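These notes concern the structure reproduced below.
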Amino acid sequence: MGEFAVGPLSEVPVRKYCKSYLLGELRRFPGWSAGVRAEEREMTDDTTVFLCDEFTVMISPVGVDKDKRLFTEDTPEWREFCETTLKFRIPEDLAFAYAESEQN
């Protein structure tokens with residue numbers, strides 16, 4: 001699936017990186033409660049959603065759905081699932097942006 005940085009980094013202080021996944025991949029997490037959010041009920045496993053650097057899942061990082069979150073439970077189990085099963089990690093070539101954020 002694709003991945004990209006969101007907007008100019010100076011204008012997006014919280015969410016700099018998102019990676020797209022098929023919703024079905026995320027639903028494999030045992031703590032995922034499919035269909036809890038109204039927006040998710042009509043989505044199929046083939047729907048593309050975005051996992052963000054703060055480990056939330058959004059419908060889209062841009063457009064009318066940019067602030068709609070499907071999953072916001074940031075637990076150690078979720079992080080392990082993301083890092084181990086989904087292989088989610090901030091690319092090394094974007095690490096500079098995180099270093100700059102910590103300095104400011």
Side-chain angles (χ1 to χ4, degrees):
M1 297 304 302
E3 53 189 290
F4 57 90
V6 179
L9 296 177
S10 61
E11 297 175 13
V12 186
V14 176
R15 185 177 55 240
K16 300 178 193 85
Y17 178 75
C18 299
K19 184 175 181 181
S20 64
Y21 289 93
L22 295 177
L23 182 56
E25 294 177 277
L26 304 181
R27 285 175 169 162
R28 293 188 331 213
F29 176 63
W32 188 278
S33 299
V36 169
R37 305 266 176 160
E39 295 88 354
E40 185 187 343
R41 290 188 187 125
E42 296 186 20
M43 294 179 170
T44 68
D45 285 349
D46 294 330
T47 303
T48 299
V49 295
F50 297 85
L51 177 60
C52 298
D53 55 4
E54 78 276 27
F55 292 91
T56 62
V57 177
M58 61 175 37
I59 295 172
S60 174
V62 296
V64 296
D65 292 328
K66 71 178 183 177
D67 293 323
K68 293 182 180 175
R69 306 285 174 164
L70 293 179
F71 192 83
T72 58
E73 305 295 322
D74 184 8
T75 64
E77 295 81 11
W78 172 243
R79 284 182 180 243
E80 182 178 337
F81 178 82
C82 293
E83 294 168 355
T84 304
T85 303
L86 301 176
K87 308 294 185 204
F88 178 79
R89 70 179 50 89
I90 307 299
E92 289 186 27
D93 57 342
L94 292 178
F96 74 91
Y98 291 86
E100 287 179 0
S101 294
E102 291 175 7
Q103 292 176 355
N104 295 330

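Remember, it's a predicted structure, so these values are computed and weren't measured experimentally.
Atom OG1 of T85 sits about 7.5 Å away from atom CD of E80, to the nearest 0.5 Å. Separation of atoms NZ (K68) and CE (M58) is listed at 12.0 Å; rounding is to 0.5 Å. With rounding to the nearest 0.5 Å, the separation of SG in C52 from CZ in F71 is 13.0 Å. The distance from atom OG1 of T47 to atom CG of L22, rounded to the nearest 0.5 Å, is 8.5 Å. A distance of 10.0 Å separates CG of D46 from CD of E25, quoted to the nearest 0.5 Å. Once rounded to the nearest 0.5 Å, the distance linking CG of L23 with CZ of R28 reads 11.5 Å.
When all heavy atoms of E54 and D74 are compared, the pair lying nearest together is O-OD2, 4.0 Å. Residues L51 and V57 share a closest heavy-atom pair of CD1-CG2, 4.0 Å.
At distances below 3.5 Å, at least one donor-acceptor pair connects side-chain atoms of Y21 with backbone N or O atoms of L86.
Counting only heavy atoms from C-beta outward, the side chains of F50 and K19 never approach each other to under 4.5 Å. Side-chain contact between C82 and F29 is absent, with no heavy-atom pair separated by less than 4.5 Å.
Ring pair W78/F55: centre-to-centre distance not below 6.0 Å.
Between E73 and R79, none of the side-chain N atoms (NZ, or NE/NH1/NH2) sits under 4.0 Å from a carboxylate O, so this pair counts as no salt bridge. Between R27 and E40 there is a salt bridge, since a side-chain N of the basic residue sits under 4.0 Å from a carboxylate O of the acidic one.
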